[in-house]
2 protein chains.
Amino acid sequence: MTETKKIPRDICQIQCVHPEAVDRVKDKMPSQDILMNLADFFKVFGDHTRIRILTALYREELCVCDLVEVLGMNQSAVSHQLRVLRGAKVVKFRKQGKMVYYSLDDDHVRELLRDGMDHIQEERG
Amino acid sequence: MTETKKIPRDICQIQCVHPEAVDRVKDKMPSQDILMNLADFFKVFGDHTRIRILTALYREELCVCDLVEVLGMNQSAVSHQLRVLRGAKVVKFRKQGKMVYYSLDDDHVRELLRDGMDHIQEERG
DNA sequence: TCATTATATGAACACTTGTGCATATAATCA
DNA sequence: TGATTATATGCACAAGTGTTCATATAATGA
């Protein structure tokens with residue numbers, strides 16, 4: 001029986017930190033609130049279906065049933081995701097009769113998609 | 001009893017599509033494979049803890065226990081998330097003795113973080 | 001008015017994901 | 001060699017998320 005004396009590893013007693021660096025960084029960190037928003041914003045791009053919708057709208061404005069056709073998914077799933085995209089102000093829409101046309105909200109969204117694409121293309125060599 | 005004649009809504013019989021637009025868009029869609037990678041890439045940014053790590057590293061290189069200090073989280077949680085960030089090539093690292101120093105991988109990551117930040121700042125007015 | 005059509009949404013369920021615990025690994029020092 | 005320390009990781013579980021089904025809403029035309 002080794003009876004390893006159960007080190008209770010005092011959580012806040014870490015020795016190796018660079019206190020100056022930690023202070024500098026802590027000082028410049030945006031508020032938790034902003035960082036939460038930022039994460040939530042990126043989360044919107046982090047789903048296969050939503051990325052497909054955005055990539056489709058990257059080319060041109062489309063109505064919901066066009067998107068249903070392009071994605072080959074059922075209308076409910078598409079609408080649910082459009083709601084998320086709307087909520088994050090990533091797409092905008094206009095109504096015309098019964099139909100609703102969606103398009104990318106602004107150029108930030110375009111840039112983000114392009115930057116992301118660039119990154120993964122590089123990764124793939 | 002209204003006996004609503006249970007319309008079996010033939011999935012592929014949507015009338016309203018703009019077939020030309022749909023064709024144009026379908027034609028230019030990247031492969032499912034690429035879009036999956038893209039979504040997975042953004043997914044990495046879509047988490048509060050990981051965004052906090054990236055924001056910290058935005059300023060300067062830090063070792064794991066610095067990050068533990070900055071985030072006020074336990075070491076295991078931080079390591080788990082660093083693994084995800086490494087896997088997506090969003091951070092790079094160098095070993096020095098027992099310690100491992102992390103930093104942002106490249107300028108795409110910086111740009112993405114900045115673009116994202118710009119977007120949410122605008123949203124907030 | 002009623003039927004039809006395009007889109008939106010609530011509920012339920014399967015699946016994913018982040019965290020903490022315990023422990024492993026690997027580097028340093030005595 | 002054994003003890004200590006910095007970091008990594010497997011497992012389990014709670015919490016979150018995407019899809020489908022059923023249905024609601026709203027606009028159009030008969």
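Numbered from 1 within each chain, the chains take letters A, B, ... in sequence-line order.
- We find that CD of A/Glu69 is positioned 16 Å from C1' of C/dT7, with the value rounded to whole Å.
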Sort me out a list of protein N/O and nucleotides 25-30 of chain D N/O pairs below 3.5 Å, or just none if empty.
none

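- With sequence neighbours excluded, the residues forming a ring pair (Phe, Tyr, Trp, His ring centres under 6.0 Å) with A/Tyr101 are B/His18, listed by chain and number.
- In A/Met36, the CE atom is not crowded: 12 or fewer heavy atoms of neighbouring residues, nucleotides or ligands sit closer than 6.0 Å.
- Applying the ring-ring contact (aromatic ring centres under 6.0 Å, His included) test to every pair with at least one member in residues 62-95 of chain B, sequence neighbours left out, gives these pairs: B/Phe93-B/Tyr102.
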All N/O pairs under 3.5 Å across the protein-nucleotides 14-18 of chain C interface:
from   : atom 1 : to      : atom 2 : distance (Å)
C/dG18 : OP1    : B/Arg50 : NH1    : 3.0
C/dG18 : OP1    : B/Arg50 : NH2    : 2.7

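- Side-chain atoms of A/Arg52 do not come within 3.5 Å of backbone N or O of B/Leu35 as any donor-acceptor pair.
- Taking atom NE2 of A/His80 as the reference point, atom C1' of D/dG16 lies 16 Å away to the nearest angstrom.
- With respect to the salt-bridge test (charged N to carboxylate O, under 4.0 angstrom), the residues B/Glu61 and B/Arg94 qualify.
- Without hydrogens or angle criteria, B/Arg50 side chain to B/Lys43 main chain gives a donor-acceptor distance under 3.5 Å.
- In this entry the distance linking NE2 of A/His48 with P of D/dT19 reads 10 Å, nearest Å.
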Only distances under 3.5 Å count here; give the side-chain donor-acceptor pairs of residues 104-112 of chain A to other protein atoms, sequence neighbours excluded, each with its distance to 0.1 Å.
from     : atom 1 : to       : atom 2 : distance (Å)
A/Asp106 : OD1    : A/His108 : N      : 3.1
A/Asp106 : OD1    : A/Val109 : N      : 3.2
A/Arg110 : NH2    : A/Tyr58  : O      : 2.8

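- Contact check, A/Tyr101 against C/dA6: no side-chain N or O comes under 4.0 Å of OP1 or OP2.
- Across the protein-nucleic acid pair, A/Leu82 atom CG and D/dG18 atom P stand 13 Å apart, rounded to whole Å.
- Judged by distance alone, the side chain of B/Asp66 and the main-chain N or O of B/Cys63 form a donor-acceptor pair under 3.5 Å.
- Residue-level contact check: A/Phe93 touches neither bases nor backbone, having no heavy atom under 4.0 Å from any strand.
- Going from atom CE of A/Met99 over to atom P of C/dT7 covers 6 Å, rounded to whole Å.
- Rounded to an integer number of Å, the gap from CG of A/Asp66 to C1' of C/dT7 is 13 Å.
- Atom CZ in B/Arg83 sits about 5 Å away from atom P in D/dT9, given to the nearest Å.
- When heavy atoms are screened at a 4.0 angstrom cut-off, A/Ala77 is found touching base atoms of the nucleic acid.
- Here the P atom of nucleotide C/dA22 and the CD atom of B/Gln75 are 14 Å apart, to the nearest Å.
- Residues forming a side-chain hydrogen bond (donor to acceptor under 3.5 Å, both in side chains) with A/Gln32 (at least two apart in sequence, or on another chain): B/His48.
- Counting distance only, with no hydrogens placed and no angle test, the side-chain atoms of A/Ser76 and the base atoms of D/dT19 include no donor-acceptor pair under 3.5 Å.
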